[in-house]
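Take a look at the structure below.
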Amino acid sequence: MENFLYFTPTKVYFGKNAEQSLGQAIKDEKASKVLVVYGGQSAKKSGLLDRVYAYLGQAGLEYVSLGGVMPNPRLSKVYEGIELSRAEKVDFILAVGGGSVIDTCKAIGSGLCYDGDVWDLYTGKAICGGCTPLGCILTIAATGSEMSNGSVITKDENLLKRSFDSDYCRCKFAIMSPELTYSLPPYQTSSGSVDIIMHTLERYFSVSDFALTDALSASIVKNVITYSKKALEKADDYEARANLMWAGSLSHNGLTGCGTIGDFASHMIEHELGGMFDVAHGAGLAAIWGSWARYVIDVKPERFAQFAAEMMDIPAGDLSPKEHGLLGIEALENYFRDVNMPTTLHELGIDPTDAQIDELADKCCDGDTHPVGNFKKLWKEDVKNILLAAR
Ligand code: NZQ
Ligand code: ZN
């Protein structure tokens, strides 16, 4: 077990009609002018955006808005948001949407507090030194960005998808009303559910462990497997949506990483896929995870056996740890299939050429200058092998 620092400052308003607390939540932050940021069309279509404007008006708050954030959000939209916020003297940023919208808001807020190009934070050229306060109304259970310290943005020109972490850009509050996720397309419900499972497993597959964290992680993974299927059967199953929504936050607010060293190699590989091919993040993870798992299982087969027993409910019997672990990997892939998620790149809808695989691996390790992952440190050649196995 590793020492750990646990910091989760986001105030959570959770439950039916939680969005009605919006005005008070922003007033508590002593803000007066809000930038409302949203995505393509879902928040408009559902009427949520009009309700948000009404809550802000009732609370006496001024606002301007910025729509059109796309999935795998782009840097150009961030620049637009920074310019608009400066011109309008905005002092609070509100995300109405999912990870893409929240990450865009984190980028705008951090950019407002940085003199240079905000992209410097994503390349590591500069470190985030502040962020305009932000909050969110979450509309999809997936990334956990509502409680995480990360932001992931894609540069328009070269489709390079990069992230940075900073406690400055954590949401002041996250409003989570599970009913707002009833309108999600099934593909997004599934993709989000895979992401939640992966945020848990990225921390679980660690060379160190902590029994309490393992138990919490197993509970989250099993819960998401159960309730994602229920949400797909019945889109307006409140209990299912509530379980998924809270699991999304808990899986990525640091709780499932207490005492372990996170791996995150699958995430790093997927971010390259998201940048180059614009695939949904969770679906991309589903397409490569099995190949990653089989590539690294020999580092610690016992950990995979424990995963099989405690998360996938597969008894050990006379199996060796590796045989047991491999059955666990297969069982999780079967779950992906059950919720119509891909288990190969081809099923994800992409067929990268050899040259593209090489480029993906090269970008992932920034020209082979550093490895990704911790469970097993993966260099460019390893990443290439995993991508080839996932084809
Ligand atoms: O744009 P609209 O029209 O709103 O549609 C969105 C979008 O097409 C739709 N949607 C969201 N809520 C909806 C809805 N449709 C109907 N009803 C609703 N209630 O869903 C689509 C996907 O939205 P998006 O925000 O892109 O999804 P997600 O939350 O999965 O975010 C993915 C992004 O977050 C990054 C990913 O890499 C990706 O760029 N991540 C951010 C992390 C973080 N900041 O901590 C960690 C993650 O690992 C991840 O990397
Ligand atoms: Zn993720």
Side-chain angles (χ1 to χ4, degrees), residues 10 19 37-49 67-75 77-78 95-107 110 122 134 136-154 159 161-167 169-171 174 176-203 231 235-236 241 244-245 248-249 251-254 256-257 262-275 278-286 288-289:
T10 303
E19 65 272 23
V37 183
Y38 58 95
Q41 40 79 27
S42 74
K44 257 190 194 164
K45 204 170 141 194
S46 67
L48 174 63
L49 205 57
V69 173
M70 57 190 277
N72 294 313
R74 299 303 152 99
L75 184 60
K77 187 58 75 177
V78 174
V96 182
S100 296
V101 176
I102 301 171
D103 287 2
T104 299
C105 291
K106 290 175 175 178
S110 305
Y122 292 84
L134 64 128
C136 72
I137 299 182
L138 185 66
T139 64
I140 170 171
T143 64
S145 184
E146 66 276 10
M147 288 187 84
S148 83
N149 63 354
S151 167
V152 194
I153 296 291
T154 299
L159 297 180
K161 190 172 180 178
R162 286 292 175 265
S163 62
F164 81 89
D165 293 343
S166 170
D167 285 333
C169 69
R170 286 184 189 268
C171 288
M176 297 188 219
S177 171
E179 288 169 306
L180 296 179
T181 65
Y182 290 173
S183 56
L184 278 169
Y187 192 80
Q188 291 297 338
T189 296
S190 297
S191 177
S193 299
V194 171
D195 195 19
I196 299 169
I197 290 173
M198 284 305 129
H199 290 160
T200 313
L201 294 185
E202 293 274 25
R203 294 167 168 97
D236 61 352
R241 295 296 188 179
L244 292 177
M245 201 170 226
S249 300
S251 72
H252 204 42
N253 73 359
T256 56
D263 182 72
F264 285 95
S266 300
H267 263 74
M268 295 300 107
I269 300 172
E270 194 290 327
H271 283 171
E272 300 309 333
L273 291 175
D278 216 6
V279 295
H281 172 61
L285 288 169
I288 54 171
W289 182 77

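Counting starts at 1 for both ligands and their atoms, following the listed order.
Residue-to-ligand polar distances keep Gly39 apart from ligand 1: every N/O pair is separated by 3.5 Å or more. Every N/O-N/O distance between Ile140 and ligand 1 stays at or above 3.5 Å.
A salt bridge links Glu272 with Arg162: the closest approach of a Lys/Arg side-chain nitrogen to an acidic carboxylate oxygen falls below 4.0 angstrom. Using a 4.0 Å cut-off between charged nitrogen and carboxylate oxygen, Arg74 and Asp278 count as a salt-bridge pair.
Using a 4.0 Å cut-off between heavy atoms, Pro185 contacts ligand 1 through its side chain alone, with no backbone atom that close. With a heavy-atom cut-off of 4.0 Å, His271 touches ligand 1 through its side chain alone. Only the side chain of Ala142 comes within 4.0 Å of ligand 1, counting heavy atoms alone; its backbone N, CA, C and O stay farther away. Contacts between His199 and ligand 1, counted as non-hydrogen atom pairs separated by less than 4.0 Å, involve the side chain only. At a heavy-atom distance under 4.0 Å, atoms from both the backbone and the side chain of Leu184 approach ligand 1. The proximity of Pro71 to ligand 1, defined as any non-hydrogen pair under 4.0 Å, involves the side chain as well as the backbone. The proximity of Thr154 to ligand 1, defined as any non-hydrogen pair under 4.0 Å, does not occur for either the backbone or the side chain.
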(request) Mind running side-chain contact (heavy atoms from CB on, under 4.5 Å) on Thr143 and Ser148 for me, showing each step along the way? (result) CA-CA 9 Å; Thr143 64; Ser148 83; over 6 Å; no
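Between the side chain of Arg170 and the backbone N or O of Met147, at least one donor-acceptor pair lies under 3.5 Å. Listed for the Glu202 side chain is a donor-acceptor partner under 3.5 Å among the backbone atoms of His267.
At the shortest separation from atom 29 (O) of ligand 1 among protein heavy atoms lies Gly99 N, 2.7 Å. When only non-hydrogen protein atoms are considered, atom 15 (N) of ligand 1 lies nearest to Ser42 CB, 3.5 Å. With hydrogens left out, the protein atom closest to atom 1 (O) of ligand 1 is Gly40 N, 2.7 Å, a heavy atom. Atom 22 (C) of ligand 1 has Gln188 OE1, 3.4 Å as its closest protein atom, hydrogens excluded (heavy atom only). When hydrogens are left out, the protein atom nearest atom 44 (N) of ligand 1 is Asp103 OD1, 2.7 Å; that is the closest non-hydrogen contact. Nearest protein neighbour of atom 3 (O) of ligand 1, counting heavy atoms only, is Gln41 N, 2.8 Å. When hydrogens are left out, the protein atom nearest atom 26 (O) of ligand 1 is Ser100 OG, 2.6 Å; that is the closest non-hydrogen contact.
The contact set between ligand 1 and Leu180, taken as ligand atoms under 4.0 Å from a residue heavy atom, comprises 19 (N). Near His267, with a cut-off below 4.0 Å to any heavy atom, the atoms of ligand 1 are 48 (O). Near Ser183, with a cut-off below 4.0 Å to any heavy atom, the atoms of ligand 1 are 16 (C), 17 (N), 18 (C), 19 (N). Within ligand 1, counting atoms from 1 as listed, the ones closer than 4.0 Å to a heavy atom of Gly98 are 25 (O), 29 (O). Under a 4.0 Å criterion applied to the non-hydrogen atoms of Pro73, ligand 1 contributes the atoms 39 (O). Per-residue contacts place Thr139 under 4.0 angstrom from the following atoms of ligand 1 (heavy atoms of the residue considered): 11 (C), 12 (N), 13 (C), 18 (C), 19 (N). Near Ser148, meaning under 4.0 Å from any of its heavy atoms, are these atoms of ligand 1: 43 (C), 44 (N), 45 (O).
Heavy atoms only, all atoms of each residue included: Tyr187 and Ala280 are closest at CE2-CB, 3.9 Å.
When the heavy-atom distances from atom 31 (O) of ligand 1 to Thr143, Leu48, Val69 are ranked, the shortest goes to Thr143. Relative to atom 46 (C) of ligand 1, the option among His281, His252, Lys106 with the closest non-hydrogen atom is His252.
Closer than 4.0 Å to atom 9 (C) of ligand 1 lies none of the heavy atoms of the protein. For atom 18 (C) of ligand 1, a protein heavy-atom neighbour is found at a distance under 4.0 Å.
Classified by interplanar angle (parallel below 30°, tilted 30° to 60°, perpendicular above 60°), the ring pair Tyr122/Phe164 is perpendicular. The aromatic rings of His281 and His271 sit tilted, their planes meeting at an angle between 30° and 60°.
Put simply, the side chain of Leu159 does not reach to within 4.5 Å of the side chain of Asn72, judged on heavy atoms.
Here 4 is the count of protein N, O or S atoms positioned under 2.8 Å from the Zn ion (ligand 2), waters not counted.
Side chain to side chain, Asp103 and Ser145 meet the donor-acceptor criterion of an N or O pair below 3.5 Å. A donor-acceptor contact closer than 3.5 angstrom is absent between the side chains of Arg203 and Ser251.
Taking a 4.0 Å cut-off on heavy atoms, Lys161 registers as neighbouring ligand 1.
By the ring-ring contact (aromatic ring centres under 6.0 Å, His included) test, Tyr38 is found to be paired with no residue, residues two or more places apart in sequence or in another chain being considered.
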